[in-house]
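Worth saying up front: this structure is predicted, and the values here are computed from it rather than measured. The chains referred to below are lettered A, B, ... by the order of the sequence lines, with proteins before strands, and numbering in each begins at 1. Basis for what follows: all heavy atoms, side chains included, without hydrogens, waters or symmetry-related copies.
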2 protein chains.
Amino acid sequence: METVGRMAGVSQVTVSRALSDPSKVSPETLSRIQEAIAATGFVPNALAGALASKKSMLISALVPSITNIVYSGMLATFSAELRARGYQILLSETGFDREDEAATVEAHLSRRPDAMLLTGVHHADRTRRMLLGAGVPVVEVWDITDTPIDLCVGFSHPEAGRAMADYARARGYRRAAFITAGDERALRRGAAFAGRFAQAGGEGPVPIRGDAPASLAGGRALTAALLDEGFAASDGALIAASSDVLAQGALIELAARGLAVPGRVAVMGFGDQEMAAALSPTLTTVRVNRDALGRAAAQALLTRIGGTAPERQVIDVGFALVERQSA
Amino acid sequence: METVGRMAGVSQVTVSRALSDPSKVSPETLSRIQEAIAATGFVPNALAGALASKKSMLISALVPSITNIVYSGMLATFSAELRARGYQILLSETGFDREDEAATVEAHLSRRPDAMLLTGVHHADRTRRMLLGAGVPVVEVWDITDTPIDLCVGFSHPEAGRAMADYARARGYRRAAFITAGDERALRRGAAFAGRFAQAGGEGPVPIRGDAPASLAGGRALTAALLDEGFAASDGALIAASSDVLAQGALIELAARGLAVPGRVAVMGFGDQEMAAALSPTLTTVRVNRDALGRAAAQALLTRIGGTAPERQVIDVGFALVERQSA
DNA sequence: TTGTATGCGTTATCAA
DNA sequence: TTGATAACGCATACAA
């Protein structure tokens with residue numbers, strides 16, 4: 001800025017002003033400064049700016065996995081919303097381990113982000129302490145709780161599991177199994193599904209199987225194991241999955257064995273990915289509005305950064321059961 | 001650090017040393033300092049550190065889309081590799097517009113990243129100038145060129161398109177169409193496919209259709225349009241797609257119309273996503289090793305940051321035609 | 001409308 | 001092994 005200023009015949013401060021609020025500088029000097037900037041290729045140092053102003057214009061985001069469409073979809077909307085307001089995104093994958101997450105949170109806090117997005121509501125004690133100590137606005141997404149660190153945007157996983165069970169019972173399925181990925185939210189949906197299904201008159205106990213990452217191959221294997229145990233020996237059986245990908249794996253295995261869906265075995269997914277409506281049979285699943293979630297999370301943080309307390313600390317974006325052919 | 005130092009009975013500088021290189025501090029003072037850090041919950045300010053040391057430990061990554069598995073998969077490996085070395089990732093989606101990319105590059109440069117990852121090799125002039133001017137190590141991925149900005153890790157899209165055409169001709173398909181997403185690399189594969197297919201004795205000209213984002217619905221629609229035009233009026237027809245997702249859409253549309261694959265119409269995809277091997281029929285496609293690509297990009301940047309020039313500026317990771325049932 | 005002085009929290013240099 | 005001092009490049013308060 002010193003150099004640019006010299007070229008334009010003004011001081012460093014005036015250059016700073018021209019960049020941050022052009023209206024504070026006379027039109028003539030402004031254009032001289034802009035010429036100097038163009039001539040030198042000057043790019044302001046945001047690190048120094050952040051240090052001086054105590055505003056980093058950085059938002060950190062921690063998600064379990066960016067290759068999983070449910071997180072990357074939400075993240076895309078979240079990022080776009082914030083980028084439009086001049087923020088940039090510091091991203092990390094945390095997997096599903098709480099201690100890893102704590103370490104990542106600490107690394108992110110060293111960059112002094114203006115806000116932070118966390119996935120899920122269960123964190124290490126140390127994470128909570130660091131965040132509270134740092135005083136950064138935090139939004140926990142993809143789940144809800146009565147005791148958020150700060151803000152919270154998501155939906156109830158046990159409720160989603162129960163809704164799946166109620167649907168299955170209402171459609172008359174007598175026997176059910178839940179195939180699942182290993183993440184904690186999927187497991188809570190599974191437990192809620194199993195509990196409600198038996199409670200609502202279905203045969204219990206409902207087997208819950210699997211803890212690998214969600215993949216087609218995983219869905220096939222878990223389904224194959226169930227069938228080998230005689231799970232579909234008689235009609236009225238339903239396989240509920242913790243994700244559409246696992247459900248698609250189930251459909252593939254059932255097709256390979258020539259078992260009719262939903263006639264012999266019904267299938268339910270979770271997530272309503274694009275392929276759900278295109279599969280054959282089309283997949284009955286649970287829709288979560290990822291765009292709405294990402295947008296709500298961004299907006300909540302923005303108002304919080306702006307100083308005004310958001311109307312609600314906890315926003316439940318809900319979910320919707322999407323009835324199609326597979327169950 | 002001042003405060004921590006007072007608690008431990010040393011100066012601020014010693015605290016800094018304890019953090020950056022513990023071996024430079026006596027064991028006793030080190031443990032006193034660590035106690036003080038634990039007691040205060042002190043988290044060092046990386047912004048100030050970066051400003052003083054001129055090393056931000058930040059790597060910026062620009063990809064067209066994070067919801068597309070081909071980019072997010074590569075990114076996951078790239079990030080993991082760098083995070084293991086203490087770097088953090090500043091991420092932006094740039095879409096497919098060069099001016100948008102230029103603006104994003106400028107915003108990222110203001111954070112003084114130690115290196116930058118760019119997708120593709122075609123950029124605005126301004127982008128190239130800024131990058132060269134800033135002197136940051138740059139790796140362009142997912143494509144190759146003789147004139148990289150700095151480093152380059154990818155494969156040849158025209159070659160991939162020609163390999164698909166050669167395979168199709170070798171299998172005896174006489175007529176072909178290419179359905180594609182709108183991105184520039186997909187279009188270059190399509191053009192190369194069309195050119196080679198005709199040149200190798202296939203019927204020409206080969207229609208190239210579509211420029212929407214890759215989706216199942218898009219694949220179905222493009223396929224439907226081709227079929228409505230009588231594309232599959234006789235045997236020996238093949239539909240090549242710019243991605244596995246589009247190819248899956250094609251398979252769905254063909255199944256819906258009762259057209260046998262590959263008997264009546266053959267289908268080829270691109271990307272070898274997980275579902276490719278699980279579809280029915282299994283999908284013939286082109287595999288690109290996303291992990292290897294992300295890892296090579298990270299390693300190239302790391303050696304470049306380390307000061308030693310990497311052995312090669314351009315790394316061709318190649319691709320492989322995966323022969324399955326659909327073609 | 002512009003400029004001067006000061007501080008942000010580190011690291012690097014030099015000295016003790 | 002430790003400390004004093006000077007950058008790093010900008011924004012803020014205050015003055016002119």
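Residue Val136(B) forms a side chain to side chain contact (heavy atoms under 4.5 Å, CB included) with just one option from Asp150(B), Ile59(B), Val105(B), Leu109(B), and that option is Leu109(B).
Defined by atom type and a distance below 3.5 Å, a donor-acceptor pair is missing between the side-chain atoms of Gln88(B) and Arg83(B).
The ring pair (Phe, Tyr, Trp, His ring centres under 6.0 Å) contacts involving residues 110-137 of chain B comprise nothing, where partners must be two or more places apart or lie in separate chains. Residue pairs meeting the salt bridge (charged side-chain N to carboxylate O under 4.0 Å, His left out) criterion with at least one partner in residues 90-104 of chain B, sequence neighbours excluded, do not occur; the list is empty.
Between Glu2(A) atom CD and dA11(D) atom P the separation is 13 Å, expressed in whole Å. Between the CZ atom of Phe42(A) and the C1' atom of dG9(D) there is a distance of 8 Å, given to the nearest Å. As a whole-Å value, the separation of Leu58(B) CG from dT10(C) C1' is 16 Å. Here the P atom of nucleotide dG9(C) and the CG atom of Leu109(A) are 15 Å apart, to the nearest Å. Rounded to an integer number of Å, the gap from NZ of Lys55(A) to C1' of dA11(D) is 11 Å.
Within the 3.5 Å criterion, the main-chain N or O of Thr94(B) finds no donor-acceptor partner in the side chain of Ser92(B). Distance alone, capped at 3.5 Å, places no donor-acceptor pair between the Asp211(B) side chain and the Gly182(B) backbone. Looking only at distances, a side-chain donor or acceptor of Ser53(B) sits under 3.5 Å from a matching main-chain atom of Gly49(B).
Salt bridge annotation for Asp143(B)-Arg185(B): absent, with no cationic side-chain nitrogen under 4.0 angstrom from a carboxylate oxygen. In summary, Arg188(A) and Glu184(A) engage in a salt bridge, as defined by a charged side-chain N under 4.0 Å from a carboxylate O.
An angle of 30°, rounded to 10°, separates the two end axes of the helix from dT1(C)-dA16(D) to dA16(C)-dT1(D), each defined over five pairs.
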Is there any protein nitrogen or oxygen under 3.5 Å from a nitrogen or oxygen in nucleotides 6-8 of chain D, and what are the pairs?
from, atom 1, to, atom 2, distance (Å)
dC8(D), O3', Lys54(B), NZ, 3.1
dC8(D), O2, Ala52(B), N, 3.4

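To the nearest 0.5 Å, atom CD1 of residue Ile89(A) and atom OG of residue Ser60(A) are 8.5 Å apart.
Annotation: side chain to side chain donor-acceptor pair (under 3.5 Å) contacts of Asp114(B) (sequence neighbours excluded): Ser56(B).
Checking dG3(C), dT2(C), dT11(C) against the side-chain heavy atoms of Val25(A) singles out dT2(C) as nearest. Here dT11(C) is the nucleotide among dT11(C), dG3(D), dA11(D) with the atom lying nearest to any side-chain atom of Met1(B). Nearest to the side-chain atoms of Arg17(B) among the listed nucleotides dA11(D), dG3(D), dC10(D) stands dG3(D).
Comparing Leu47(A) and Ser11(B) by the nucleotide of DNA chain D that holds the closest heavy atom to each, the one mapping nearer the 5' end is Ser11(B).
Taking only distance into account, the side chain of Arg112(A) never meets the base of dG9(C) through a donor-acceptor pair shorter than 3.5 Å.
The side chain of Thr14(B) contributes an N or O atom lying less than 4.0 Å from OP1 or OP2 of dG3(D).
Contacts of residues 26-39 of chain B with DNA chain D (heavy atom under 4.0 Å): Ser26(B), Thr29(B).
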